[in-house]
Amino acid sequence: MEGEILNFIKVWISVLVSLCFCYSIRNIVPKGTKRLLSVLPVVCLFLYLPLKISSVHLGGSTAFFIAWLANFKVLLFAFGKGPLSSDPSISLPLFIALACLPIKIRQKGKNKETPSPNPRLDGQSKENPAPSRGKEGLRNYAVKGVLLAMLIRAYDYSDYIHPNVILIMYSFHVYFFLEILLAVGAVLARNFLGLELEPQFNEPYLATSLQDFWGCRWNLVVTSILRPTVYEPTRAIGSHLIGRKWAPLPAVFATFVVSAIMHEIIFYYLGRVRPNWEISWFFLLHGICLTAEIALKKVLNNRWRLPKMISTMLTVGFVMSTGFWLFFPKFVEYKVDVRAFEEYAEIGAYMKNVSQSIARVLPGH
């Protein structure tokens, strides 16, 4: 474990140095081809660095933060777009935080207590209740933290639990872990940089459609970075070819294609096994279904809707059932679950040794 922590520190030192380089050229190298050529070595390095970490938790989070989010932001930066180019007077600490943390700054002028409209993948907007903040938000994360700890403890009895129930447990595990992980990044940015941030999740189990789930509720950090890098350029091209009304359809599907590729890359970092593309089929299936859903809404012009309770049950049921079929079995195949539990045990033993060492040097012990 100590060796992994050392590798983790080395990787992130390399990340910080690379982002300092990107920051230094923002006023020297003009946006466009020249800046793209300048940052391509950084992009390649960010794809390589997660391979230096074999830990599921440290390696998985690092891969998500730098190989996906940071790389996409750096590519946008090359063309003078995205969060790294939004403010010419941006400070170095803020530049680094925006590049490598899963955060999005709340736009000025928005009421902090008022939910902000999240852009959907077809370019429309919908107001959803923002996740609770302050004491309520703290309580929300505390409850999810306790539930995550209970799930981890329950895995000790996995021999007595039906495999399908285990898959359900995995689905909640992934959701709780991701939300808490992204919340920690947001707390660090908020406390050290004084930023007011957009929420990362918006109670996805309340989604009333696939469009609502993927565009307005699930992992909004990824949605916000896929929109300018994939969706908007594809929609612009489609507008010239098939018209503005139907251009969102290929744009949505292209977004899911890129998401599928990035998830395959992330799972390669986790398992170091040649992909069999089942993860891609999960996202491609959802891309096809979401594209069909948006097309149907355009044809019906929103004249007919299912009751909210029924649409929520159908949406969540479809997401979970396809996840059990194509997504979560990969955790077992790549032994991600076994390695994660081993890491929990190692962390527990390490913390116990540290506490015992501290107790021995304290007066009276």
Side-chain angles (χ1 to χ4, degrees), residues 8-50 58 61-114 116 118-119 130-131 133-134 137 180-201 219-229 232:
F8 178 76
I9 293 172
K10 290 179 179 178
V11 164
W12 277 94
I13 289 174
S14 301
V15 171
L16 295 178
V17 171
S18 300
L19 292 175
C20 287
F21 164 75
C22 293
Y23 181 81
S24 68
I25 68 170
R26 76 192 196 288
N27 294 324
I28 301 173
V29 181
K31 62 184 179 182
T33 304
K34 289 184 178 180
R35 189 183 291 182
L36 176 62
L37 293 175
S38 299
V39 300
L40 275 181
V42 173
V43 173
C44 295
L45 179 65
F46 283 3
L47 288 171
Y48 167 74
L49 286 175
L58 297 180
S61 57
T62 297
F64 175 54
F65 287 1
I66 66 172
W68 188 344
L69 296 183
N71 261 349
F72 277 42
K73 292 174 184 177
V74 168
L75 289 172
L76 286 172
F77 165 75
F79 296 97
K81 299 180 179 179
L84 304 183
S85 300
S86 58
D87 182 3
S89 61
I90 188 172
S91 66
L92 177 60
L94 181 55
F95 184 92
I96 292 174
L98 286 175
C100 62
L101 290 180
I103 59 175
K104 181 183 179 184
I105 299 177
R106 182 181 290 276
Q107 295 177 8
K108 293 181 180 179
K110 287 185 179 177
N111 189 325
K112 294 179 183 180
E113 303 300 327
T114 303
S116 59
N118 290 311
R133 299 177 181 277
I180 292 171
L181 174 67
L182 297 182
V184 168
V187 167
L188 291 174
R190 185 179 295 116
N191 291 340
F192 286 100
L193 299 172
L195 302 175
E196 183 62 28
L197 305 174
E198 296 282 359
Q200 295 99 340
F201 282 85
N219 205 346
L220 301 177
V221 175
V222 169
T223 300
S224 67
I225 201 65
L226 284 174
R227 185 177 179 83
T229 51
E232 290 177 352

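Note that the numbering runs from 1 along the sequence shown for the chain.
The closest side-chain heavy-atom distance from P88 to N27 is not below 4.5 Å. Within the 4.5 Å cutoff, the side chain of K73 has no heavy atoms near those of the C22 side chain. Side-chain contact between T229 and L76: present, with at least one pair of heavy atoms (C-beta onward) separated by less than 4.5 Å. Within the 4.5 Å cutoff, the side chain of P50 has no heavy atoms near those of the V11 side chain. You'll find the side chain of L49 stays beyond 4.5 Å of the side chain of T62, heavy atoms only.
Closest non-hydrogen pair, S18 versus F46, comes out as CB-CE1, 3.7 Å. The two atoms that bring A99 and L84 nearest to each other are N-CD2, 3.7 Å, heavy atoms only. Across all their heavy atoms, K34 and S38 have their closest contact at O-OG, 2.9 Å. Nearest heavy-atom pair across S89 and D87 is OG-OD1, 2.9 Å. Minimum heavy-atom separation, V221 to P102: CG2-O, 3.3 Å.
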> side chain to side chain contact (heavy atoms under 4.5 Å, CB included) between F201 and N219: does it pass, once the steps are laid out?
Replying inline: CA-CA 5 Å; F201 282 85; N219 205 346; 4.1 Å; yes

>> Walk me through whether I25 and V39 qualify under side chain to side chain contact (heavy atoms under 4.5 Å, CB included).
In response: CA-CA 9 Å; I25 68 170; V39 300; 3.9 Å; yes

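To the nearest 0.5 Å, the span separating CZ on R35 from CZ on F79 amounts to 10.5 Å. One finds the OH atom of Y23 at 14.5 Å from the CG atom of L16 (value rounded to the nearest 0.5 Å). Taking CG from L19 and OG from S24, the interatomic distance works out to 10.5 Å, rounded to the nearest 0.5 Å. Atom CZ of F77 is separated from atom OG of S86 by 11.5 Å, given to the nearest 0.5 angstrom. One distance of note links CG of L98 with CG of L69; it measures 12.0 Å at 0.5 Å rounding. Note: F72 CZ to I66 CD1 = 13.5 Å, rounded to the nearest 0.5 Å.
Heavy-atom contacts from other residues, nucleotides or ligands closer than 6.0 Å to OH of Y48 number 12 or fewer.
Between F8 and W12, the ring planes lie tilted relative to each other; the angle falls in the 30° to 60° range.
Checked by atom type and distance alone, the side chain of S85 never pairs as donor or acceptor with a backbone atom of G82 at under 3.5 Å.
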